[in-house]
Amino acid sequence: MSNGAKLDCTLIDALVNRRSRRFLQGMKMPSGPLQFESRQEAVPLTEEEEATLAFAACGITGFALGDLNYARGEGGTIMANFVGRTIPSGDAINSVSLIVTNDEATYWIKRPQDMTTADVRDLAALAKERRFVEIYRRSRVKIKDGRSAPPVEQPHNLPVNRWSLYAKGASYFLPVMELTYLYINALLEIFGEWNGYWLIDERNRFKPAGIGRFAKSKGGHLNDDMSSGRAFTVQILESHVSEFMATEQGMAVQNIALTAHALGLGGFPHWAAHPSAWFEEVGFDCRQMPVPRFLGMSEALTKVAGLMGRKQTLPVVERLRRGGKDLFKAYCPPCFPNMREAVMAVVEQQFGENGTYRRSNSLGSWKSPKSVLGKAEPPSKQAIEATIAYCEYIYSRYGRFPCYPMPFKTLLGFQAGRVESSFYEEYYDPAVGEFSKPNATMEPAMS
């Protein structure tokens, strides 16, 4: 069985020659100055090719170095775990998962935290042997028969991509980020005594966002001096979280693009940021929220709006479930009974008996992981309680967490397939590059 790829392409070659090559075998551009119809049948990617691209996006590579200061107040314990992937991740949370869809099926790719310690070690070892097909088979969960494809029309997609999306034979890669763990983890850090940040709600007359009793002016530990430079609005903080995590998605897409070129494949990244279309298509749980409530109006005003006939709703994406179990969950209800339990779950996963910093078989790149991690101190009681108070405030007032973006978010997708070289030979200057010569050959790897 062939389950490895020999890439005849250096990294610099891939960077210099990286292009979006949208026109694949079997496609048709029906109008415009580049009107063209492929004379070849669409041929799906091999499992080896698809597996290699999936690994490039977010494959497990081993353990993060974690070369930080773990003394109290120095910030090292913001690291949530120590498993490394092909892309960097804020706080090593590995917030981004991957959805892969083709003509046959749709898969969700598990993250390190969705696996056992033994699985993580096995997959890292398989990566060193380039056994990407085996990694792919052990990491994916089939969530739907056939191709998943939201509508190509507005507002689900942009007109510029309408002609080319969801091509027969192509494989589609969609990074999905989960915001709530990183959000809570960041709160535990900024609410620590050594930071003492202050958060106010710009949609509620700039009042403290549930943390008033922790103010220094009232004997608490959070710096409520607005001139201190340590005050944020809820919107600014949530924008930072979302933008910070968007880079993780972008790096996954860039890895796919470079690897597709190295494999001699075509493809292109594109807008896939509709807030709910992809989630509804692949079968995430969503609930409908009245628009006034979504905008932060009180429950009483929401009821008044309903009586006035304003009954429009918006979907709130909640989780991905199969077989009665959460595959991809957010750290908020309904995956947890309340925000207190969601916050405590984050603390427990890092500092509980079997957490990242306390488990007997501690993971890490150090010669003695336990001697490093065992000395790390958990967040203080004050930091935990301030985090809980803030999260409970957001969920109570806005009926969701976070209150601006969804708990899950898509941004970019990547469609990969076999290039229709005749299209480029017809319309493009040969000096631009060769479009018919493959850059890679698939060769058997040791099983």
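- Taking CG of L237 as the reference point, atom NE2 of H240 lies at 7.5 Å (rounded to 0.5 Å).
- The side-chain hydrogen bond (donor to acceptor under 3.5 Å, both in side chains) check on N161 picks up nothing, with sequence neighbours excluded.
- Dense packing is recorded around NZ of K144, with more than 12 heavy atoms of other residues, nucleotides or ligands lying under 6.0 Å away.
- Residues D114 and W108 have side chains in contact (heavy-atom distance under 4.5 Å, counting atoms from C-beta outward).
- Around the CD atom of E104, the shell of radius 6.0 Å holds no more than 12 heavy atoms that belong to other residues, nucleotides or ligands.
- With respect to R140 and E47, a salt bridge is recorded, a charged nitrogen being found less than 4.0 Å from a carboxylate O.
- Between D225 and K216 there is no salt bridge, since no side-chain nitrogen of the basic residue lies less than 4.0 Å from a carboxylate oxygen of the acidic one.
- Under a 3.5 Å cut-off, the side chain of N195 and the backbone N or O of Y197 do not form any donor-acceptor pair.
- The aromatic rings of W278 and Y166 lie perpendicular to each other, with more than 60° between the two planes, well past the 30° mark.
- Side-chain contact between M339 and I388 is absent, with no heavy-atom pair separated by less than 4.5 Å.
- Checked against the 6.0 Å centroid threshold, F63 and F82 do not count as a close aromatic pair.
- Of the inter-residue distances, the one linking L373 atom CG with T356 atom OG1 reads 8.0 Å to the nearest 0.5 angstrom.
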Full working for side-chain hydrogen bond (donor to acceptor under 3.5 Å, both in side chains) between Y136 and E50:
CA-CA 9 Å; Y136 190 40; E50 193 169 271; 2.7 Å; yes
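- Within the structure, side chain to side chain donor-acceptor pair (under 3.5 Å) pairs that include any residue of residues 398-413 comprise D201-Y398, E202-Y404, S242-K409 (at least two apart or interchain).
- Looking at heavy atoms from C-beta onward, F414 lies out of side-chain contact with Q254 at the 4.5 angstrom threshold.
- By the ring pair (Phe, Tyr, Trp, His ring centres under 6.0 Å) test, F191 is found to be paired with no residue, residues two or more places apart in sequence or in another chain being considered.
- For the atom pair L123 CG and S139 OG, the distance stands at 4.5 Å (nearest 0.5 Å).
- S164 OG to M27 CE: the interatomic distance, rounded to the nearest 0.5 Å, is 5.0 Å.
- Between V253 and P269, the closest heavy-atom pair is CG1-CB, 3.5 Å.
- The cationic group of K329 lies under 6.0 Å from the six-membered ring centre of Y331 and within 45° of the ring axis, placing it in a cation-pi geometry.
- For the pair D91 and M79, the minimum side-chain heavy-atom distance is 4.5 Å or more.
- To the nearest 0.5 Å, atoms CG (L199) and CZ (F214) are separated by 12.5 Å.
- For the atom pair OG1 (T61) and CZ (R85), the distance works out to 9.5 Å, reported to the nearest 0.5 Å.
- You'll find the side chain of L24 stays beyond 4.5 Å of the side chain of R418, heavy atoms only.
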